[in-house]
Engineer: 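Handing you a structure now.
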Number of protein chains: 2
Amino acid sequence: MYESFYKLKAIKRKAVLNAAIDEFVQYGFEKASTNSIAQEAGISKGSLFNYFKNKKQLFIYLIDYAITVIEKLYDQIDLSEKDLFKRLENIGLQKLEIQSAHPNIFDFLKTIKQEDSNQVKDFIDSKFDSLTNEGLNLIYKGVDYTKFRDDIDIEKAIEVLNWTMFGFSERALKNLDTFKHMDEVGKKYMNEWQAYSDFLKKLFYK
Amino acid sequence: MYESFYKLKAIKRKAVLNAAIDEFVQYGFEKASTNSIAQEAGISKGSLFNYFKNKKQLFIYLIDYAITVIEKLYDQIDLSEKDLFKRLENIGLQKLEIQSAHPNIFDFLKTIKQEDSNQVKDFIDSKFDSLTNEGLNLIYKGVDYTKFRDDIDIEKAIEVLNWTMFGFSERALKNLDTFKHMDEVGKKYMNEWQAYSDFLKKLFYK
DNA sequence: AATAAATTGACCACTTTGGTCAATGATGAT
DNA sequence: ATCATCATTGACCAAAGTGGTCAATTTATT
C-alpha cells in the first residue's frame, strides 16, 4: 500500500508527515492543498502522489499513524506508579518526545474529530468509536487518591491539574526553539513544570 | 464608509459579522472565501460587496470592530473591586455576554495576531502596537493580594487561575445551547464557575 | 402608480485544484 | 562504459473556485 513511502529516508518521511499534518490541521480535509503539502515538505507533487495514490489515502494514512502514536503513548503508562503527579510527569515527558518529532500531531487528532467533509467523516467515526476515552481513563487508573486532602473535591482538583498542564504546555510550545535538541529543551521545560507540579501538590496533598 | 452596512437590521448585521469572523478565524485572510461568507450570512455576494467595497475592507472593519469590543470590556472593569475572584467573575460575565452575540470574536482577535498575509499584516501591527497588554494589566491593578496565603507563589496562583478559567470556558462554550436565551445559559455557567472559583479560593486564600 | 433604494446572481478573467505521465536523474550491476 | 531499474520531477489537464461587477429585479417609500 505505502511501500514507496516507507522506503524513504526517515528525515524526508518526517518532513512529508509534518507538512501534511500542518496543512490538514490548519485547513481541514477539503481545503487542504496537496500543492502546499508537497512544497512545504520539499518534494514534488509527482512524488507525493507516488507515495499516496490520492489526497484521501494520505489523510487516512495520517489518521492511522496518529492513532498508533497515541496508542503507544497509552501503552507506556506506568500503572505501578501510584502518585498522580509522577505519573503525569512521565506522560508529559513522552508527549514531549512525540511532539519534538511531530509538533502538531495532537492538534491533528483534536481537529479531525471535528472534520465534517463527507468524504472522510465515516472513516474517522469508525476509527474513533473504539478509541474513545479508553486511554484517558487509564491515566487515572490505580492512582492513590488518599494522598489528597480530605476536604478537597478530587474531581475538581484533577480538572484544574489538567487545565494547568494544558496551559503550561501551550505556552511552552510557543517558545519552542526548533534549533535546540529535544533532550535539552525537554530538560528545561520539565524543570519548569516541576515548579507548577510542586505548587499544586502542596495545595492538593495532605 | 460603511453606511449601507449600518443601515441593516441588527439581526442581519450580526449574521454577516459572525459569518465573516468564523470564516477568517478558520482560514485566515487569504484563504477566507467571500462566497462562503455571503452564503453563511444568508445574503448574496452582491450585497456583501455593497456593504464592504472589497475583502480587505471587510477584514479591516472586523478588526476595528473587535478591538472596540475588547476596549469596552476593559473600560468596564470595576477597579474598586479589590477581590481578584469577584473581579474575574465580573469580567467573565461580560465576556459571556459578548460571546453570546459573537461566539468567535475572541478567537478572531487571537488568530489575527498570527495572520501573515502581506496585504493586511501592516494594518494589524499598527493596530496592536497601542493595544498590547494595556488591559491585561488592568485586570490585576489594585487587587488586594494580602488575602492570599503567605506561603504561596501568587504569580503561579494567578496563572493556574487563568488556565482554569480558560479551560472551564472552553468546555462551557462547547456545550452552549444556541436555542436557549443568553441570561438563562449565563446563569447556569456562572453558577458552575462559582464552584471552581470557591475551590481555588479555598486553596489560595488565608 | 411612480420613484427610490436595496438585493440579487449570472458573469468575468484569473488562480488554484487534485491528479497524470512522459521525460529526466540517480543508482548499482555487469 | 553500458544498460536496466527505480525514484523524482514539473509541465500539463479539465474542473472548480476566486474576488469583484453590474444590469435586472424586488422591496420600500411616497
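To find a chain, count down the sequence lines: A is the first, B the second, and so on, and within it residues start at 1.
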Engineer: Could you check whether B:Glu71 pairs with B:Lys127 (Lys NZ or Arg NE/NH1/NH2 to Asp/Glu carboxylate O, under 4.0 Å)?
Structural biologist: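 Judged by the 4.0 Å cut-off on N to carboxylate O distance, B:Glu71 and B:Lys127 do not form a salt bridge.
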
Engineer: Check each residue of residues 21-39 of chain B for a non-hydrogen atom within less than 4.0 Å of any atom in DNA chain D, then write out the ones that pass by number, or none.
Structural biologist: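 Those residues whose heavy atoms fall under 4.0 Å from DNA chain D, taken from residues 21-39 of chain B in numerical order, are B:Ala32, B:Ser33, B:Thr34, B:Asn35.
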
Engineer: Could you check whether A:Lys55 makes a cation-pi contact with A:Phe29, meaning its NZ or CZ is under 6.0 Å from the centre of the six-membered ring and within 45° of the ring axis?
Structural biologist: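 Checked: cation-pi criterion met.
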
Engineer: Could you please spell out the steps behind the side-chain contact (heavy atoms from CB on, under 4.5 Å) verdict for B:Phe59 and B:Phe123?
Structural biologist: CA-CA 10 Å; B:Phe59 190 66; B:Phe123 177 80; over 6 Å; no

Engineer: Write out all pairs satisfying salt bridge (charged side-chain N to carboxylate O under 4.0 Å, His left out) with one or both partners inside residues 6-19 of chain B, taking only residues at least two apart or from two chains.
Structural biologist: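 Every pair satisfying salt bridge (charged side-chain N to carboxylate O under 4.0 Å, His left out) with a residue in residues 6-19 of chain B: there are none.
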
Engineer: Name every donor-acceptor pair, under 3.5 Å, that has one atom in a side chain of residues 154-166 of chain B and the other anywhere in the protein, sequence neighbours excluded.
Structural biologist:
unit_1, atom_1, unit_2, atom_2, d
B:Glu159, OE1, A:Tyr196, OH, 2.5
B:Glu159, OE2, A:Arg171, NH1, 2.3
B:Glu159, OE2, A:Tyr196, OH, 3.1
B:Asn162, OD1, B:Tyr140, OH, 3.2
B:Asn162, ND2, B:Tyr140, OH, 2.7
B:Thr164, OG1, B:Val160, O, 2.7

Engineer: Would you say B:Glu115 and B:Phe24 make side-chain contact, with heavy atoms under 4.5 Å?
Structural biologist: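 No, side chains not in contact.
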
Engineer: Parallel, tilted or perpendicular for A:Tyr205 and A:Phe148, by the 30°/60° rule?
Structural biologist: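 Geometry flag for A:Phe148 against A:Tyr205: perpendicular rings.
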
Engineer: Once you round it to whole Å, what is the distance between C1' of D:dG19 and CZ of B:Phe49?
Structural biologist: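 Answer to the nearest Å: 5 Å.
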
Engineer: Got a list of protein N/O to nucleotides 10-13 of chain C N/O distances below 3.5 Å?
Structural biologist:
none

Engineer: At a cut-off of 3.5 Å, list every protein nitrogen or oxygen paired with a nitrogen or oxygen from nucleotides 5-7 of chain C, distance to 0.1 Å.
Structural biologist:
unit_1, atom_1, unit_2, atom_2, d
C:dT7, OP1, B:Lys12, NZ, 3.2
C:dT7, OP2, B:Tyr51, OH, 3.0

Engineer: Please indicate whether A:Glu40 has more than 12 foreign heavy atoms, meaning atoms of other residues, nucleotides or ligands, lying under 6.0 Å from its CD.
Structural biologist: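 No - once you tally the heavy atoms of other residues, nucleotides and ligands closer than 6.0 Å, there are 12 at most.
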
Engineer: Considering only heavy atoms, which members of residues 53-60 of chain B lie under 4.0 Å from some atom of DNA chain D?
Structural biologist: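 Close to the strand are B:Asn54, B:Lys55.
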
